Student: 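Have a look at this one.
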Amino acid sequence: ILNVEQSPQSLHVQEGDSTNFTCSFPSSNFYALHWYRWETAKSPEALFVMTLNGDEKKKGRISATLNTKEGYSYLYIKGSQPEDSATYLCAFADYKLSFGAGTTVTVRA
Amino acid sequence: DAGVTQSPTHLIKTRGQQVTLRCSPKSGHDTVSWYQQALGQGPQFIFQYYEEEERQRGNFPDRFSGHQFPNYSSELNVNALLLGDSALYLCASSLTGLVESPLHFGNGTRLTVT
């Protein structure tokens, strides 16, 4: 059973502030790491799929980095907005996706 | 372009009963995966279907079975329901099931077993 851990479990951010959180995964036999955003009452939405060590991906104000050698990825939100409130899931990919429990971000106006 | 659709949205069953959940993948996708999400946990992989066959399976008992039809839609069947089967069941589709392919999820079916 693969251990994918996300921290913190939840965080509160003031509108306009930037924040980041972590996904830790096994550093051996790496294939890909996925990030998903899951807003309340919606379905999870793919943000990034990262495959190479040192990868950096960006989508609007959200970006992610990847370190496969030490087994972690950071997701950054710059200038948080209320619409960024969601649970952010990372998933380690081998023949399936093994998800972490998520980081729930609440942006306060 | 329709995304992934799941039915029903909610379901209440009694212990020991059987349930069937349905999923239509995103147009153009040929691979369907099923996940179970219990409260406070991330989604757990149940199995994946490709070309009408179960290609991969997670750590779930044989009470969980599935099917994929020629039009790529899929069903998840759970027999002899237990209280612990209460969860949100998510269907996700992708193209070919490659690990680099992002999953497209449905809104899920909330199953409550009483």
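Here the structure is a predicted model, which means the values were calculated and not measured. Every chain is numbered from 1, with letters handed out A, B, ... down the list of sequences.
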Student: In this structure, would B:Val4 and B:Tyr49 fall into the same cluster of hydrophobic residues linked by side-chain contacts under 4.5 Å?
Tutor: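 Different clusters: B:Val4 never reaches B:Tyr49 through Ile, Leu, Val, Met, Phe, Trp or Tyr contacts under 4.5 Å.
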Student: Which atoms of B:Phe47 come close to chain A, meaning under 4.5 Å heavy atom to heavy atom: side chain ones, backbone ones, both, or neither?
Tutor: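 Looking at B:Phe47, nothing touches chain A.
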Student: Count I, L, V, M, F, W, Y as connected when their side-chain heavy atoms are under 4.5 Å apart, and connections chain through other members. Are A:Trp35 and A:Phe30 then in the same cluster?
Tutor: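 As far as the 4.5 Å side-chain criterion goes, A:Phe30 and A:Trp35 are connected within one cluster.
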Student: Above 12 or not: heavy atoms from other molecules or residues under 6.0 Å from NZ of B:Lys13?
Tutor: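 Yes, because the 6.0 Å sphere around NZ of B:Lys13 holds more than 12 heavy atoms from other groups.
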Student: Using non-hydrogen atoms only, which part of B:Gln6 is less than 4.5 Å away from chain A: side chain, backbone, both, or neither?
Tutor: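 Neither part.
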Student: Hey, could you give me the NZ/CZ distance between A:Lys96 and B:Arg57, rounded to the nearest 0.5 Å?
Tutor: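 Taking NZ in A:Lys96 and CZ in B:Arg57, the distance rounds to 13.5 Å.
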Student: Could you check whether any side-chain heavy atom of B:Phe45 comes within less than 4.5 Å of a side-chain heavy atom of A:Phe99, counting everything from C-beta outward?
Tutor: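 Side chain of B:Phe45 against side chain of A:Phe99, heavy atoms only: no contact under 4.5 Å found.
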Student: Heavy atoms under 4.5 Å from chain A: which residues of residues 76-91 of chain B carry them?
Tutor: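 Answer by number: B:Leu88, B:Leu90.
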Student: About how many Å separate CG of B:Leu103 and NE2 of A:His34, when rounded to the nearest 0.5 Å?
Tutor: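 One finds 6.5 Å between NE2 of A:His34 and CG of B:Leu103.
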Student: What do you reckon, is CD of B:Glu53 surrounded by more than 12 foreign heavy atoms closer than 6.0 Å?
Tutor: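 For B:Glu53, atom CD is not crowded (no more than 12 foreign heavy atoms under 6.0 Å).
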Student: To check you understand the geometry: which heavy-atom pair defines the closest contact between B:Gly106 and A:Pro44, and what is its length?
Tutor: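 So the minimum-distance heavy-atom pair works out to O-CD, 4.1 Å.
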Student: Check the hydrophobic clustering (I, L, V, M, F, W, Y; side-chain heavy atoms under 4.5 Å; chains of links allowed) and say if A:Tyr72 and A:Leu33 are grouped together.
Tutor: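 No, no single cluster joins them.
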Student: Which atoms form the tightest heavy-atom contact between A:Ala101 and B:Gly40, and what is the distance?
Tutor: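 So the two residues come closest at CB-O, 3.9 Å.
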Student: Given a strict heavy-atom distance threshold of 4.5 Å, which part of A:Phe48 is in contact with chain B: side chain, backbone, both, or neither?
Tutor: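 A:Phe48 has no heavy atom closer than 4.5 Å to chain B.
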Student: Measuring heavy-atom distances to chain A, does B:Arg110 have an atom under 4.5 Å in its side chain, in its backbone, in both, or in neither?
Tutor: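 Neither part; nothing is under 4.5 Å.
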Student: Are A:Tyr76 and A:Val13 linked, directly or through other ILVMFWY residues, by side chains that come within less than 4.5 angstrom of each other?
Tutor: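 As far as the 4.5 Å side-chain criterion goes, A:Val13 and A:Tyr76 are not connected within one cluster.
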Student: Can you tell me which of A:Gly100, A:Ala41, A:Ala91, A:Gly102 forms the most heavy-atom pairs within a distance under 4.5 Å of chain B?
Tutor: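 Sorted descending by pairs with chain B, the first entry is A:Gly100.
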Student: How close do A:Tyr31 and B:Val99 get, counting heavy atoms only, and between which atoms?
Tutor: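 For A:Tyr31 and B:Val99, the tightest heavy-atom pair comes out as CB-CG2, 4.0 Å.
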Student: Hey, is CZ on A:Arg108 packed in by over 12 heavy atoms from elsewhere, all under 6.0 Å?
Tutor: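 Yes - once you tally the heavy atoms of other residues, nucleotides and ligands closer than 6.0 Å, there are more than 12.
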Student: Above 12 or not: heavy atoms from other molecules or residues under 6.0 Å from CD of B:Glu52?
Tutor: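 Counting other residues, nucleotides and ligands, CD of B:Glu52 exceeds 12 neighbours.
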Student: Quick one: what part of B:Glu100 sits under 4.5 Å from any heavy atom of chain A, side chain, backbone, both or neither?
Tutor: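 Both parts, backbone and side chain.
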Student: Does atom CZ (A:Phe21) have a neighbourhood of more than 12 heavy atoms from anything else shown, all under 6.0 Å?
Tutor: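 Counting neighbours around CZ of A:Phe21, more than 12 heavy atoms of other residues, nucleotides or ligands fall under 6.0 Å, so yes.
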Student: So with a 6.0 Å cut-off around CG of B:Leu95, is the heavy-atom count from everything else above 12?
Tutor: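 Enclosed: over 12 neighbouring heavy atoms sit under 6.0 Å from CG of B:Leu95.
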Student: When you group the ILVMFWY residues by side-chain heavy-atom contacts below 4.5 Å and let the links chain together, are B:Phe60 and A:Tyr95 in the same group?
Tutor: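 As far as the 4.5 Å side-chain criterion goes, B:Phe60 and A:Tyr95 are not connected within one cluster.
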Student: Only pairs of heavy atoms separated by less than 4.5 Å count here; which of B:Ser101, B:Gly42, B:Pro43 has the most with chain A?
Tutor: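 Most heavy-atom pairs under 4.5 Å with chain A: B:Pro43.
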Student: Taking the side chain as C-beta and beyond, is there a heavy-atom pair between B:Phe105 and A:Trp38 under 4.5 Å?
Tutor: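 SC-SC contact between B:Phe105 and A:Trp38 ruled out.
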Student: Chain B heavy atoms under 4.5 Å from A:Leu97: which part of the residue, side chain, backbone, both or neither?
Tutor: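 Both the backbone and the side chain of A:Leu97 come within 4.5 Å of chain B.
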